[in-house]
Participant: 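My structure is below; once you've seen it, I'll send some questions.
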2 protein chains.
Amino acid sequence: MTVTQDVDLELAGELRVVLGRLVRRLRAEHSFPLTHGSVLGRLDRAGSTSIGDLATAERVRPQSMTQTIADLEAAGLVARRADPADGRRTLIELTEAGQRKLFEDRARREGWLAQAIAEDLSESERRLLARALPLLERLSESA
Amino acid sequence: MTVTQDVDLELAGELRVVLGRLVRRLRAEHSFPLTHGSVLGRLDRAGSTSIGDLATAERVRPQSMTQTIADLEAAGLVARRADPADGRRTLIELTEAGQRKLFEDRARREGWLAQAIAEDLSESERRLLARALPLLERLSESA
DNA sequence: TATTGTTATACTCTATAACTATA
DNA sequence: TATAGTTATAGAGTATAACAATA
């Protein structure tokens with residue numbers, strides 16, 4: 001139990017509390033689930049992917065991802081395609097509407113988070129946040 | 001629509017995605033709701049507080065906070081006390097068990113977040129995260 | 001027999017609406 | 001009439017369990 005560890009506990013506690021508030025706030029402002037936007041962005045970057053892979057990447061169960069994809073498909077934002085190599089797998093890809101949505105969403109995010117970043121943070125603070133983001137990313141993927 | 005704003009949109013998008021994954025991860029590892037721990041911590045710092053004030057601070061509806069407090073009370077972690085000055089208000093305070101729980105929780109958080117911080121981040125990265133936390137805090141409280 | 005995905009169902013957390021009691 | 005809190009109910013998001021189809 002080193003001094004460093006105490007600091008880590010403190011950090012972890014504060015981070016947890018802040019995350020809760022930020023996410024509730026985001027959910028309230030943002031109409032659609034965090035996962036939906038996240039999946040669209042991932043498909044845009046990674047191209048067509050299987051449901052199972054998406055589930056693993058987003059850290060949800062395959063069944064939940066099935067539901068998410070069903071929602072996105074109903075909205076016409078993604079399309080399914082049978083994997084020619086493996087009849088069990090279904091490849092998911094972004095439709096044109098999905099790409100448009102992704103683009104529009106970038107504007108909609110101006111909603112408050114981008115605006116809060118622009119208004120409440122100084123230039124140097126924004127740089128600091130940008131540098132801290134990859135750390136959060138790594139924490140979220142930590143084994 | 002300045003260059004800075006484009007950067008903000010980018011930041012906002014990435015932050016949103018990362019938050020989603022982190023919170024799902026936290027929920028999976030951590031047994032109880034983020035709000036519960038957050039409320040206990042707040043009571044510990046601020047002393048007895050009304051349900052409405054807690055709701056405002058945590059950015060949930062008073063009805064939701066009523067439920068949260070009912071849960072915490074059922075678990076013996078908080079107690080109610082009538083406000084001597086205003087018969088409508090109920091003051092909530094931490095019980096001894098609540099303080100113990102809060103203390104234990106600090107150890108439990110070693111679960112993975114603190115551990116991830118300790119193992120996956122370097123000393124300088126931890127310092128960076130610590131500096132970025134107040135920024136996230138401010139964003140979560142942005143009007 | 002193992003893996004991919006689906007359907008059915010339940011749980012958790014928060015929201016809205018309607019109500020009671022005090023100011 | 002306005003405010004603090006409660007009860008009842010619904011909704012969103014994700015989980016577990018059981019199943020079908022393919023490997």
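When reading the values below, keep in mind they use all heavy atoms of this one structure, side chains included, and skip hydrogens, waters and symmetry mates. Numbers restart at 1 for each chain; the letters A, B, ... are given by sequence-line order, proteins then strands.
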Participant: Is it the case that the side chain of B:T95 and the backbone of B:G76 share a donor-acceptor pair, with hydrogens and angles ignored and the cut-off at 3.5 Å?
Facilitator: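 Indeed, once roles are kept as given, a pair shorter than 3.5 Å links the two residues.
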
Participant: If you apply the rule side chain to side chain donor-acceptor pair (under 3.5 Å), what do you find for A:S142 with B:E119, and how did you get there?
Facilitator: CA-CA 9 Å; A:S142 169; B:E119 292 178 357; 5.9 Å; no

Participant: On DNA chain C, reading 5' to 3', which nucleotide is the first and which the last to sit with an atom under 4.0 Å from a heavy atom of chain A, could you check?
Facilitator: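 First and last nucleotides in contact are C:dT3 to C:dT14.
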
Participant: Each nucleotide N or O in nucleotides 19-23 of chain D that has a protein N or O under 3.5 Å away: list the pair and distance.
Facilitator:
unit_1 : atom_1 : unit_2 : atom_2 : d
D:dA23 : OP1    : A:G87  : N      : 2.9

Participant: Are A:S140 and A:R59 close enough that a side-chain donor and a side-chain acceptor fall under 3.5 Å?
Facilitator: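 No - no donor-acceptor pair under 3.5 Å links their side chains.
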
Participant: B:L54 versus B:V60: any side-chain heavy-atom pair under 4.5 Å?
Facilitator: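 No, too far: nothing below the 4.5 Å cut-off.
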
Participant: Rounded at 0.5 Å granularity, tell me how far CG in B:L22 sits from CZ in A:R138.
Facilitator: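 Here the rounded value is 12.5 Å.
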
Participant: Does a side-chain N or O from B:T66 land closer than 4.0 Å to OP1 or OP2 of D:dT6, or not?
Facilitator: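 Yes, B:T66 has a side-chain N/O under 4.0 Å of OP1/OP2 on D:dT6.
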
Participant: Measuring only between side-chain heavy atoms, which start at C-beta, is A:V17 closer than 4.5 Å to A:R21?
Facilitator: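 Result yes, sub-4.5 Å side-chain heavy-atom pair found.
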
Participant: Within this structure, what is the CG-to-C1' distance between A:L72 and D:dG13, rounded to whole angstrom?
Facilitator: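 Those two atoms, CG and C1', are 13 Å apart.
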
Participant: In whole angstroms, how far is the C1' atom of D:dA15 from the CZ atom of B:R27?
Facilitator: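 After rounding, the reported distance stands at 11 Å.
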
Participant: Start at the 5' end of DNA chain C and walk down; is the nucleotide closest to A:M65 or to B:L34 reached first?
Facilitator: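 Here A:M65 is the residue nearer the 5' end.
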
Participant: Return the value, rounded to whole Å, for the distance between atom CD1 of B:I69 and atom C1' of D:dA4.
Facilitator: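 After rounding, the reported distance stands at 14 Å.
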
Participant: In the structure I gave you, are the side-chain heavy atoms of A:R131 and B:L128 within less than 4.5 Å of one another anywhere?
Facilitator: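 Side chain of A:R131 against side chain of B:L128, heavy atoms only: contact under 4.5 Å found.
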
Participant: Can you measure B:L91 atom CG to D:dG5 atom P for me and round it to whole angstrom units?
Facilitator: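 Going from B:L91 (CG) to D:dG5 (P), I get 8 Å.
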
Participant: Any heavy-atom pair between the side chains of A:L135 and B:I117 that's under 4.5 Å?
Facilitator: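 No, their side chains stay 4.5 Å or more apart.
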
Participant: Go through residues 54-64 of chain A and report each residue with a non-hydrogen atom lying under 4.0 Å from DNA chain D, sorted by number.
Facilitator: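 Of all residues in residues 54-64 of chain A, the ones placing a heavy atom under 4.0 Å from DNA chain D are A:V60, A:R61, A:Q63, A:S64.
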
Participant: In whole Å, what is the span from the CD atom of A:Q67 to the P atom of D:dA12?
Facilitator: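 Value for this atom pair: 11 Å.
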
Participant: Side-chain contact test, heavy atoms from C-beta onward, threshold under 4.5 Å: evaluate it for B:L94 versus B:K101 and give yes or no.
Facilitator: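 No, too far: nothing below the 4.5 Å cut-off.
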
Participant: Evaluate the side-chain proximity of A:L15 to A:L136: yes if any heavy-atom separation is below 4.5 Å, no if none is.
Facilitator: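 Contact flag for A:L136/A:L15 side chains = yes.
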
Participant: Can you see whether B:R24 engages A:T35 through a side-chain donor-acceptor pair at a distance of less than 3.5 angstrom?
Facilitator: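 Judged by distance alone, the side chains do pair up.
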
Participant: Considering just the side-chain nitrogens and oxygens of B:T90, establish if one lies under 4.0 Å of OP1 or OP2 belonging to D:dA4.
Facilitator: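 Looking at the OP1 and OP2 atoms of D:dA4, neither is under 4.0 Å from any side-chain N or O of B:T90.
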
